[in-house]
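Here is the structure we will look at, set down as C-alpha cells.
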Amino acid sequence: MDTLSHAISSGVALPRSSSRSSPLLCHGFGSLNFRTRRTHTRSRVFAEIQRNQSIDFNDPDWKSKFQWNFEERFNIPHLTDVFPDASTIPSTFCLRMRTPVSEHFADGYPSDEEWHGYINNNDRVLLKVIHFSSPTSAGAECIDPNCTWVEQWVHRAGPREKIYFKPEEVKAAIVTCGGLCPGLNDVIRHIVITLEIYGVKNIVGIPFGYRGFSDEGLAEMPLSRKVVQNIHLSGGSLLGVSRGGPPVSKIVDSLKERGINMLFVLGGNGTHAGANAIHDECRARKMRVAIVGVPKTIDNDILMMDKTFGFDTAVEEAQRAINSAYIEAHSAYHGIGIVKLMGRSSGFIAMHASLASGQVDICLIPEVHFNLHGPHGVLRHLKYLIETKGSAVVCVAEGAGQESFVPLNNMFVISRFSHSNFDLLQKTNATDASGNIVFGDIGVHIQQETKKYFREIGVPADVKYIDPTYMIRAVRANASDGILCTVLGQNAVHGAFAGYSGITVGICNTHYAYFPIPEVISHPREVDPNSRMWHRCLTSTGQPDFI
C-alpha cells in the first residue's frame, strides 16, 4: 500500500488540519492518542469529532451538533464552490438513447425525464448499520460511552440528470500510481467506456504514475474503447505504475498545458493525498478541473469502505499458496509451512485467507501482538501442533510483529503499541519511493527462528517458506473484483460529470458512495481485534493468545 508519505517524498502538500480532520481518541475520550493493541479484548470506542476538541455529553444538543459537524466534513467539494455561476446541461448519459443524433454530443442526447436512472443529489448512504447497545459488544463503534445511535450519511454515487461539462470540450486523463493490483485494467477500461458513452472523444492515459506528468520521455497514450476492449483479460496496468513524482505545482502546470479538465487517479492513500493536493491547487488557480480518485489498495485498508478492488482476488490467490504450504507440511515428517501475505498495516488478507482456507493453524497480523518465544509464544504452540497433529501451517502478514508509522493528518504516529517483546525485527530508517518504511522480512525471520528453536530442543522439523506477494499482485481480477472495478470506474466518471472534485468513490454497506478524500486517508483502516471477523478467524485456527 502506498501511503501519505508519497506526497511528502514527491513534494505534494498534505491536507492540513481543519474541520475535516477526524482523529480517533482513546477509550477514555481524553486527549489525542491512538488506541493500543495490547489488550485486544477491549471493544473499540470511536470519537469522530474535530481534532483537539471534545464532545460535551452533558450538552443536550451534542447529538445534533455532532451530526452537523459530520455533515460539514463529508460535504463533498463541487465546482460551484469556486464557480457559483457554472451552468449545466442535460446529461448526455441516458441508456435509452445510445446513438447521437448530431456531432454536438451535449445536444445529441435529449434529456429523458421519463428515465428513472439518475441519482438525486440529496440521496445518501448510511455509513453504519449496526446499533450497538453496549461499548463492550464485539466490534462496537460508539461515539459516546452510552453507545448512542447517531445517523451518519455519505453521498450516493451515480449519474446525475444535470452535468457540468460538455463532452466535446472534455479532455480526460487516467493515471495509475503505486504498486500493481488486480483490477487496474478493469477500472481503466470502464472509465474509458463510460466517458465514451457520455460522448467524450479525447481520452488519454498518463504513463507510469505521477512521473508521467513531468518526464519528457513519457508521452501520453490515446485511449478509446477499441484500445481498452480486452485489457481486463490480463493483470498489471496498461499505463504502467510507479511511486513518487514531481511537485504538485508541476503536475497542475502539466494539466493546464495539456488541456486536461478531468483527471482520474487510481492509487492508495499516498496517491490520494497527491490527488487532493492537485485538487486544492486547481481550486487555488481557479481551474475548472475535476479530480476524482479510485482507491487502489490490495490490503483493503481504506477507511469507511466495505472493500477495495483487488482484495477478493488477493484472498483467492492466497489460497493457492496456503494449500501448497499445507501439502508440503502434511506430506513431511514434522512439516511446518509458513506463508507470508501482503498487509503492511492491516491484516485483512491474512485473516480472510486463513478463514477461507480452513488449513491455517496460526494467523499473525499487525494489529495483534504476539511473542515468538516463551511459554505462550508461537514457537511453543508450533511444538504442541507438531506433537498433536504432526504438521502445522502459519499465515503471517508482512507487517506483523513490527512497529510501523502511519500518517494522521500532518504527522506520523506509531500505529501499534511499542514494546520490545513485540518488535521482532530490527528497525530501519530506510523508506521506499512512496515514503513507506522498509520492513524486515517477518516471514524469513519466523522461518529461521522456527528452525533454530526445533534444532535446539532436539525435535526434527521440516520448515517450508512461501512468499507469493508479486504473483498475487500481477494476476487479473476475479469475477467479484471485476464487477467492483466496473462499477467504480463508471461512478468515477459520473462523479466528474456531476461537477464533483477532490472526491473518491467506494462501496459502503453494499452501496456505492462518494467521499471527500481527506476523510479516507487520515490513517489506514485496520482489523479490530475485538471484531467478530477476527473472533471467527481465531475459532477457525484454534490458536491461543501469544502473549
Side-chain angles (χ1 to χ4, degrees), residues 2-15 77 165 169-181 184-185 187-188 191-192 195 200 202-224 227-228 236-297 432-436 489 492-493 495-496 501-504 517 521:
D2 54 335
T3 66
L4 284 177
S5 47
H6 164 85
I8 294 175
S9 64
S10 60
V12 174
L14 292 174
F165 291 89
E169 297 175 355
V170 169
K171 181 177 181 180
I174 307 170
V175 62
T176 56
C177 307
L180 289 181
C181 178
L184 278 170
N185 281 335
V187 178
I188 294 170
I191 289 176
V192 171
L195 282 168
V200 178
N202 196 355
I203 311 169
V204 298
I206 306 299
F208 299 106
Y210 285 135
R211 73 172 60 242
F213 284 106
S214 61
D215 193 326
E216 294 180 358
L218 299 175
E220 60 187 31
M221 179 187 300
L223 298 175
S224 65
V227 173
V228 303
S237 169
L238 172 70
L239 305 178
V241 295
S242 72
R243 301 184 185 274
V248 64
S249 59
K250 288 189 176 181
I251 295 176
V252 176
D253 288 343
S254 180
L255 291 177
K256 188 173 183 178
E257 291 169 4
R258 299 168 189 246
I260 294 170
N261 52 6
M262 280 189 188
L263 177 63
F264 299 95
V265 181
L266 283 58
N269 277 0
T271 300
H272 272 67
N276 191 64
I278 295 168
H279 158 76
D280 288 341
E281 181 69 11
C282 289
R283 280 195 156 198
R285 299 190 191 187
K286 295 191 180 301
M287 293 171 56
R288 205 170 187 272
V289 180
I291 312 294
V292 179
V294 180
K296 176 224 57 132
T297 167
D432 62 18
S434 292
N436 298 312
V493 177
S501 180
I503 65 167
T504 192
I517 290 177
I521 64 173

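Keep in mind it's a predicted model, so treat the numbers as computed, not measured.
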Using salt bridge (Lys or Arg N to Asp or Glu O under 4.0 Å) as the criterion, list what pairs up with [X], not counting sequence neighbours.
X	value
Asp253	Arg285
Glu220	Lys171, Arg258
Arg283	Asp81

Over all heavy atoms of both residues, which pair between [X] and [Y] is shortest? Give the atoms and the distance, please.
X	Y	answer
Ile503	Pro77	CG2-CD, 4.0 Å
Leu255	Cys282	CD1-SG, 4.2 Å
Val294	Ala492	CG2-CB, 3.9 Å
Gly179	Arg243	N-NH2, 3.7 Å
Lys296	Cys177	NZ-O, 3.1 Å

note = CD1 of Ile188 to CG of Leu266, rounded to nearest 0.5 Å, is 6.5 Å
remark   = Partner of Phe264 under side chain to side chain contact (heavy atoms under 4.5 Å, CB included), picked from Ile203, Val192, Leu195, Ile206, is Leu195
key: salt bridge (Lys or Arg N to Asp or Glu O under 4.0 Å) partners of residues 266-278, not counting sequence neighbours, each pair once   = none
query = Can you list every pair that meets salt bridge (Lys or Arg N to Asp or Glu O under 4.0 Å) and has a residue in residues 204-213, with sequence neighbours left out?
reply = none
Looking at [X] and [Y], would you say the former's side chain and the latter's main chain have a donor-acceptor pair under 3.5 Å?
X	Y	result
Asn185	Leu238	yes
Asn261	Glu169	yes
Ser237	Leu184	no
Thr504	Gly293	yes

Stepwise side-chain contact (heavy atoms from CB on, under 4.5 Å) test for Leu239 and Met221 = CA-CA 8 Å; Leu239 305 178; Met221 179 187 300; 4.0 Å; yes
task = Cation-pi check, Arg288 to Phe165: give yes when NZ or CZ is under 6.0 Å from the six-membered ring centre and within 45° of the ring axis, no otherwise.
result = yes
request  = Quick one: do Phe208 and Thr176 satisfy side-chain contact (heavy atoms from CB on, under 4.5 Å)? Show the steps, please.
outcome  = CA-CA 7 Å; Phe208 299 106; Thr176 56; over 6 Å; no
query = Residues in side chain to side chain contact (heavy atoms under 4.5 Å, CB included) with Ser214, at least two apart?
reply = Pro246
